[in-house]
Structure formats: structure tokens, C-alpha cells
J.: 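Got a structure here, written out as C-alpha cells. Questions coming.
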Amino acid sequence: MSKVYNPYDNMLEVLEKAAKMLGLEEREYAAVKYTERELKVAIPVEMDDGGIRVFEGYRVQHSSSRGPCKGGIRYHQDVNIDEVKALAAWMSFKCAVVNIPYGGGKGAVKVNPKELTKNELKNLTRRYTAMILPLIGPERDIPAPDVGTNAEIMGWIMDTYSIFKGYTVPGVVTGKPIEVGGSLGRREATGRGVMFITREILHRLGMPMIGTRVAVQGMGNVGGTAAKLLFNEGCKIVAVSDVSGGVYCKTGLDIDSILSFLGQNNGKVLKDYDIPGVKHITNDELLTVECDVLVPAALENQITERIAPEIKASVIVEGANGPTTVEADKILERNGKIIVPDILANAGGVVVSYFEWVQNIQSLMWDEEEVNRALEKIMIRSFNEVWDQKKEKNTTMRMGAYIVALDRIVKAKKIRGMFP
Ligand code: NAD
């Protein structure tokens, strides 16, 4: 039987280590070990066949010390409260590491969205929004898309919240369709951030972008965009995968062809992609394939202590949240691998979510170039700050990122003081 990982325990272990390296006393960071609020809701939905199904949902707020809570909503059949708590905490660290004025939160519904009709999905989303309504709002807690949710679902959340308020409140949620206050560049932002960060780390390591061999796990929003943009920058994408498995080609895959194959909205997955010269591989094989850069961009706990010793890539850029277990992280560090941690590598999404919220509350609309330029500036600045911490403390990039983030959260807490 495979080992069960508690992602919240993983988060705590990393947090404790960062606190020690920062020389913090327990009292200074004790509150960061806990989530501020956890809401569990039951969501009854009338199904198209007339039956009623009740789904379990959550919204967790980890920290509001630096601003409103911010974090996506996940629709997945296997989510549990510990996963949502860890994801919420990672959002606090992520917002702090890129220095945007937010704390962290996360929401989820235990559902396989692919099993629901569009009508059922809409009803589920509206009822879930109504149930978490007391916690969310533009100054309070701002959801966004995550695994299993998308712009259309964010539009339904915005509409439901607005109906309860009696006026349109675009700033309650980010990642919305452009037509109802979404930002240009938001859909590609996380993958674009992964590309910027990959470019920066390769530059620091004296490795060229052109011809660098990259493997990407997950061909969804993050992995698909990252693969496409890295391909455009001259990288050779040797392997990609999705939930059905992966494809490999030593001389490089045609990413445009793969994305158009997957994007035809016909339920096609990579196991159906049959092109001469392309070999089918498993997801385990994808992680251990011969390459220079590995981008895990699917789900958490993919790189385990079983897989870690077999990884050939010298650089791992974490597109997904929490793809590496603590045990695997230790093995990779021992093997001299450079890991750019999730809280930095995939922060592009929340940075452009922040831009979307800023545009919404100011009733402004930026053009895409402005969005991408501002994103690049923040990603490079944050990368440099983490790199400097890594050097100064002679530690890993993960620790460097947690040190930068925890320092900012703890300072905000200290300035605000304890109540009462
Ligand atoms: P998505 O639903 O668009 O795509 C997920 C991809 O992973 C799909 O290709 C799916 O087939 C694949 N997948 C699912 N289970 C898999 C498995 N067991 N093995 C291999 N592949 C599998 O999701 P996304 O938005 O791209 O998110 C991916 C990861 O990035 C998640 O960890 C998410 O939390 C994180 N993330 C997303 C964003 C964002 O803006 N979307 C921002 C930051 C972090």
C-alpha cells in the first residue's frame, strides 16, 4: 500500500526549519502554525435526474496578517481538510514571497467535476458560494481557480455573490472571464511565471535556454502554458504527461500539435496521441526521464522518496503546489538537485490575480503587455531575493523562499501586535 502523506505536516516541518534558520523564538511564529478559520459546508445539489446529492466543501483562511486571504478553489474527488489547510498556508507564504498585500486561503469541494453536467456544476458552485459567503469578499477573502475549476466557474461565483449583495462586485474573485472583469494574461500567468523562473535559474546556473531538455508533468493550465512558452523560448520539451500517462520524444515534442490535440474539447487525453516517433510512457517514467529540467505541474506528492533517487533532471521547477514530499526533498538535496520551490515558481497566477483585483477595485483595464511586463518584474525581483537568501544562509532555494516569506509574515504580525 502506498504511504499516506499529510501535506499539512509537510508544511509544518518546512516552516519549523525556516523559523530556526531565521532565529525566531517560538512565540514569534506560533500563530503561523495554525489556520485562522476553517469552514466546512454541506452542499445539496438537485441533479438533472431529479435526485439530490450532498457534497462536502471547505474554505480555509490561514493568515490575514498581510492583507485579505487569497487562494483558489479546487474541485476534486479526493480532497480533504488537511490538503486544503496546507494549500491555504502555502498561499500565505506565496503571497509573502512575491510581496503582494495578501494573506492565504483555499477552498475545495469533494467532487469529480467531470461527472457532473454543466447545469449541476453551476448549481453546485452557486450553493457553495452561498455557503461560504460570510467569509469571502474583496476586502476579506478572494477565491480564484485551481485544479478542476476554471474562469466560467469564477464567473458564477462572482454572479452569486453580487446577487446577494445587490450590486456587481467583480473584485470578490479572480480568474474570471475577461467579459466580467477578468484580466488579460491571467489564464497564462502561472505558466508564464514558471517560464520566467526557469529562465532565471538556468541563467544563474550558466545553462542555456536553447536546447535545454525539459519534461513537464501535467498538461493543464499550468503545465500546458509552461510547456508552450518554454518551447517558444527554445527549450526542447522531451516529455509531457496528463492523468492518462505521458509521451516522450528524445529529439523534442511538437507542443503546438499536442496542445491543439488536447484542446479540441473532445475529451482526448495523451494516451490517445499517436504520432510516429513519439513513445508512450507512464507518469513515473516521465518524472525520471533523461532531461535537464523537470516541471511537475499536476498535483501534490508526485515526487516521493521512491521516485526521487531516480530523477535525472538537475533542476526541478515546481509548477504544482507541493509536488515534492519532505522525504523526497532531502534525497534530491543530497543528490545536488536544484529545486525552485512552488511558492516562488508558480506564484505568477496569484500575482496576476492581484493585478485583476487591483483593476477591479479601481475600475481600470490594463492591456496584456502591461500585465506581462509587471508580472515579469515581480517574478525576477522575487527570484533574486530568494536566491540571495539561499546564498547568504547557505541553504536550498526552498528554505530561502520560506525565510523571505516567514520574515515578512512575522514582521507584519509584530507590527500589528496581539489582540486583545
Ligand atoms: P488543471 O486541472 O488545469 O491541470 C492538471 C493537469 O494535471 C491535467 O493535465 C491532468 O490531466 C493532470 N493530472 C491530474 N492528475 C494527474 C496525475 N496523477 N498524474 C499526472 N498528471 C495528472 O490544473 P492546473 O490549474 O494546471 O494546476 C496544476 C497544479 O498547479 C496544481 O497543483 C495547482 O494547485 C497548481 N497551481 C495552479 C495555478 C493556476 O493558476 N491554475 C496557480 C498556482 C498553482
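Numbering of ligands and ligand atoms starts at 1, following listing order.
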J.: Within the structure, is a non-hydrogen atom of E300 found at a distance of less than 4.0 Å from ligand 1?
T.: no

J.: Between ligand 1 and K106, can you find any atom pair, the residue atom being a heavy atom, that is separated by under 4.0 Å?
T.: no

J.: I need the nearest protein heavy-atom contact for atom 6 (C) of ligand 1: residue, atom name and distance, please.
T.: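 Atom 6 (C) of ligand 1 sits closest to the protein heavy atom G220 N, 3.7 Å.
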
J.: Just heavy atoms, cut-off under 4.0 Å: does A144 contact ligand 1 by side chain, backbone, both, or neither?
T.: neither

J.: Begin from the C-alpha positions of E333 and R398 and carry the test salt bridge (charged side-chain N to carboxylate O under 4.0 Å, His left out) through to its verdict.
T.: CA-CA 10 Å; E333 190 185 341; R398 191 181 312 282; over 6 Å; no

J.: From atom 12 (C) of ligand 1, work out which of V269, V243, L286, N283 has a heavy atom at the shortest distance.
T.: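 Comparing heavy atoms across V269, V243, L286, N283, the nearest one to atom 12 (C) of ligand 1 lies in V243.
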
J.: N/O of N221 under 3.5 Å from N/O of ligand 1, yes or no?
T.: yes

J.: Give yes if a backbone or side-chain nitrogen or oxygen of A298 is under 3.5 Å from a nitrogen or oxygen of ligand 1, and no if not.
T.: yes

J.: Under 4.0 Å from any heavy atom of M219, which atoms of ligand 1 are there?
T.: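 What qualifies from ligand 1 is 9 (O).
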
J.: For ligand 1, which atoms sit closer than 4.0 Å to a heavy atom of L299?
T.: 15 (N)

J.: I need the atoms of ligand 1 closer than 4.0 Å to a non-hydrogen atom of D146, numbered in the order shown.
T.: 33 (C), 34 (O)

J.: Can you tell which part of R186 has a heavy atom less than 4.0 Å from ligand 1: side chain, backbone, both or neither?
T.: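 Looking at R186 and ligand 1, just side chain atoms fall under 4.0 Å.
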
J.: Check the orientation of Y102 and Y354. Use parallel for under 30°, tilted for 30 to 60°, and perpendicular for over 60°.
T.: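 Perpendicular, since the angle between the ring planes exceeds 60°.
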
J.: When you look at CZ of R213, are more than 12 heavy atoms from neighbouring residues, nucleotides or ligands closer to it than 6.0 Å?
T.: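 Enclosed.
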
J.: Taking 4.0 angstrom as the limit and counting only heavy atoms of T190, give me the atoms of ligand 1 inside it, by number and element.
T.: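 Reading through ligand 1 atom by atom, the close ones are 38 (C), 39 (C), 40 (O), 42 (C), 43 (C).
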
J.: Are any of the N or O atoms of S241 closer than 3.5 Å to those of ligand 1?
T.: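 Between S241 and ligand 1 (N or O atoms, distance only) the closest approach is not under 3.5 Å.
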
J.: Do S63 and K413 get their side chains close enough for a donor-acceptor pair, meaning under 3.5 Å?
T.: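 There is no such pair (donor and acceptor under 3.5 Å, judged by atom type) between the side chains of S63 and K413.
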
J.: In ligand 1, which numbered atoms sit nearer than 4.0 Å to a non-hydrogen atom of D242?
T.: 9 (O), 11 (O), 20 (C), 21 (N), 22 (C)

J.: Would you say G319 touches ligand 1, if touching means a heavy atom closer than 4.0 Å?
T.: yes

